[in-house]
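Here the structure comes first, spelled out in structure tokens, and everything after it is commentary.
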Amino acid sequence: MKGIMIGIAGGTGSGKSTFTNRIKNRFGDEVTVIYYDNYYRRQVGVPFEERRKVNYDHPEALETDLLLEHLHMLKAGHAIDCPVYDYSIHNRSDKIIRISPSPIIIVEGILVLADARLRDMLDIRIYVDADADERILRRVERDVRERGRTFDDIMEQYLTTVKPMHNMYVQPTRYLADIVINSGKNDVAFDLISSKISNILGEYYQEES
């Protein structure tokens, strides 16, 4: 199956999901979104309190081999059974999401550009940047509202793993991106990417006909 694969990376709370959702809303079923977070490793037999303290911002926390396998399948035109990560239990759930291929595949996550194998699969690499203060405020708001976490837990995690891992693994990938944008709400960047996607879709359907 022809088409393109777009990677959208950036630190926690940078606006990755906002930008991704804008593209998805603009193009609908012509875009398939894969969230790297869903590929956190399943932790069989690990107690909740230990799972809560795992460093989820380190590349080893993610089952990248499975993600790569699924992306190759989608690229070849095959549907996949995508795992689902449950933030409330700090573990992969027993649910799956059946995802069908489409001309545009978006892979979104903080470490999307950190793995060379994944990076090499991407046709367009985007890094969403934001001030550190803005990112932590957005993370606190999201984790309290959507994930039921306490402020103390969020701050402990941020200081012990999120911030150091961002500096070590996420921030350096900014320089590996084709495009760096300063907000998920950047209209100029959105219009440019949308125009690029529209052109690609036009060529895709022309070749299919």
Side-chain angles (χ1 to χ4, degrees), residues 1-10 12 14 16-44 46 51 54 56-87 89-128 169-170 173 176-179 184 193-194 196-209:
M1 181 176 186
K2 296 179 181 179
I4 66 164
M5 193 171 292
I6 302 171
I8 300 181
T12 181
S14 61
K16 300 182 303 300
S17 295
T18 297
F19 196 75
T20 299
N21 290 337
R22 291 182 72 185
I23 295 174
K24 177 64 177 175
N25 291 337
R26 168 67 175 82
F27 294 98
D29 291 340
E30 291 172 315
V31 170
T32 294
V33 179
I34 304 293
Y35 296 100
Y36 205 177
D37 282 6
N38 277 328
Y39 289 81
Y40 280 124
R41 297 183 184 277
R42 185 185 295 278
Q43 300 184 67
V44 179
V46 179
R51 296 199 304 269
V54 168
Y56 292 100
D57 293 85
H58 191 284
E60 287 300 316
L62 294 148
E63 194 174 356
T64 304
D65 287 344
L66 179 60
L67 171 64
L68 291 170
E69 178 185 335
H70 283 176
L71 292 178
H72 281 296
M73 290 175 64
L74 288 170
K75 195 76 172 176
H78 305 296
I80 64 167
D81 290 327
C82 180
V84 177
Y85 183 75
D86 187 338
Y87 295 96
I89 62 172
H90 299 283
N91 207 351
R92 190 180 294 180
S93 75
D94 293 326
K95 299 178 182 178
I96 58 169
I97 302 174
R98 187 70 170 173
I99 296 180
S100 299
S102 65
I104 309 296
I105 299 170
I106 293 178
V107 189
E108 188 240 274
I110 64 171
L111 293 166
V112 162
L113 301 181
D115 188 292
R117 298 169 300 166
L118 176 54
R119 193 167 62 243
D120 290 344
M121 288 190 69
L122 304 172
D123 300 287
I124 300 174
R125 304 168 188 88
I126 300 172
Y127 187 95
V128 185
Y169 293 108
V170 183
T173 67
L176 301 173
D178 301 309
I179 302 167
I193 297 299
S194 294
K196 177 69 173 177
I197 291 174
S198 294
N199 291 336
I200 291 168
L201 288 172
E203 295 174 0
Y204 171 84
Y205 289 118
Q206 187 174 22
E207 292 179 5
E208 290 290 303
S209 61

(request) Looking only at non-hydrogen atoms, find the nearest pair between Leu66 and Pro83 and report the distance. (result) CD2-CG, 4.4 Å

(request) Determine whether Ile200 and Asp123 make a side-chain contact, defined as any pair of heavy atoms from C-beta on separated by less than 4.5 Å. (result) no

(request) Could you list the residues that satisfy side-chain contact (heavy atoms from CB on, under 4.5 Å) with Asp81, not counting sequence neighbours? (result) Ile96, Arg98

(message) Within this structure, what is the NZ-OH distance for the pair Lys16 and Tyr35, rounded to the nearest 0.5 Å?
(response) 11.0 Å

(request) Kindly say whether Leu113 contributes a backbone atom to a donor-acceptor pair with the side chain of Arg119 at under 3.5 angstrom? (result) yes

(request) With rounding to the nearest 0.5 Å, note down the distance linking CG in Leu74 to CD in Glu69. (result) 11.0 Å

(request) Dump the intermediate steps for side chain to side chain contact (heavy atoms under 4.5 Å, CB included) on Val128 and Thr18, then the final yes or no. (result) CA-CA 10 Å; Val128 185; Thr18 297; over 6 Å; no

(request) For Arg117, check side-chain hydrogen bond (donor to acceptor under 3.5 Å, both in side chains) against everything at least two apart and list the hits. (result) Asp65, Asp115

(message) How long is the straight-line distance from OG1 of Thr173 back to CD1 of Ile110, given to the nearest 0.5 Å?
(response) 9.5 Å

(request) Kindly give the heavy-atom pair with the smallest separation between Asp37 and Tyr85, and that separation in Å. (result) O-CB, 3.5 Å

(message) List the residues meeting side-chain contact (heavy atoms from CB on, under 4.5 Å) with Ile106, not counting sequence neighbours, and say none if there are none.
(response) Ile6, Ile8, Thr20, Ile23, Val31, Val33, Ile104

(message) Under the rule for side-chain contact (heavy atoms from CB on, under 4.5 Å), what residues qualify as partners of Asn91, not counting sequence neighbours?
(response) Arg42, Gln43, Arg51, Ile89

(message) Ignoring hydrogens, what is the shortest heavy-atom contact between Cys82 and Ile99? Give both atom names and the distance.
(response) CB-CD1, 3.6 Å

(request) Grab the two heavy atoms, one from Ala9 and one from Val112, that are nearest each other, plus how far apart they are. (result) CB-CB, 4.2 Å

(message) The test is side chain to side chain contact (heavy atoms under 4.5 Å, CB included); show your working for Tyr40 and Val54 and say whether it passes.
(response) CA-CA 11 Å; Tyr40 280 124; Val54 168; over 6 Å; no

(message) Other residues, nucleotides and ligands only: do more than 12 of their heavy atoms fall within 6.0 Å of CG on Asp29?
(response) no

(message) In the structure I gave you, are the side-chain heavy atoms of Glu30 and Leu201 within less than 4.5 Å of one another anywhere?
(response) yes

(request) Please answer whether the main-chain N or O of Ser100 pairs with a side-chain N or O of Thr32 as donor and acceptor at a distance below 3.5 Å. (result) yes

(request) Could you walk me through whether Tyr36 and Thr64 pass side chain to side chain contact (heavy atoms under 4.5 Å, CB included), step by step? (result) CA-CA 8 Å; Tyr36 205 177; Thr64 304; 2.5 Å; yes

(message) Once rounded to the nearest 0.5 Å, what's the spacing between atom OH of Tyr169 and atom CG of Leu111?
(response) 9.5 Å

(request) Evaluate the criterion side chain to side chain contact (heavy atoms under 4.5 Å, CB included) for residue pair Leu176 and Arg125; output intermediate values, then yes/no. (result) CA-CA 8 Å; Leu176 301 173; Arg125 304 168 188 88; 5.7 Å; no

(message) Any heavy-atom pair between the side chains of Lys75 and Leu71 that's under 4.5 Å?
(response) no

(message) Which heavy atom of Glu63 sits nearest to which heavy atom of Arg92, and what is that distance?
(response) OE1-NH2, 2.8 Å

(request) Report yes if the side chains of Leu118 and Leu67 come closer than 4.5 Å at any heavy-atom pair, otherwise no. (result) yes

(request) Quick one: list whatever passes side-chain hydrogen bond (donor to acceptor under 3.5 Å, both in side chains) with His72, sequence neighbours left out. (result) none

(message) Could you measure the distance from the OH atom of Tyr204 to the OG atom of Ser102? Nearest 0.5 Å is fine.
(response) 8.0 Å

(request) First locate atom CG of Asn21, then atom NZ of Lys24, and finally report the distance between them rounded to the nearest 0.5 Å. (result) 10.0 Å

(request) Can you label the angle between the Tyr56 ring and the His90 ring as parallel, tilted or perpendicular, going by 30° and 60°? (result) parallel

(request) Please identify each residue that fulfils side-chain contact (heavy atoms from CB on, under 4.5 Å) with Val84, with sequence neighbours left out. (result) Asn38, Ser93, Lys95, Ile97

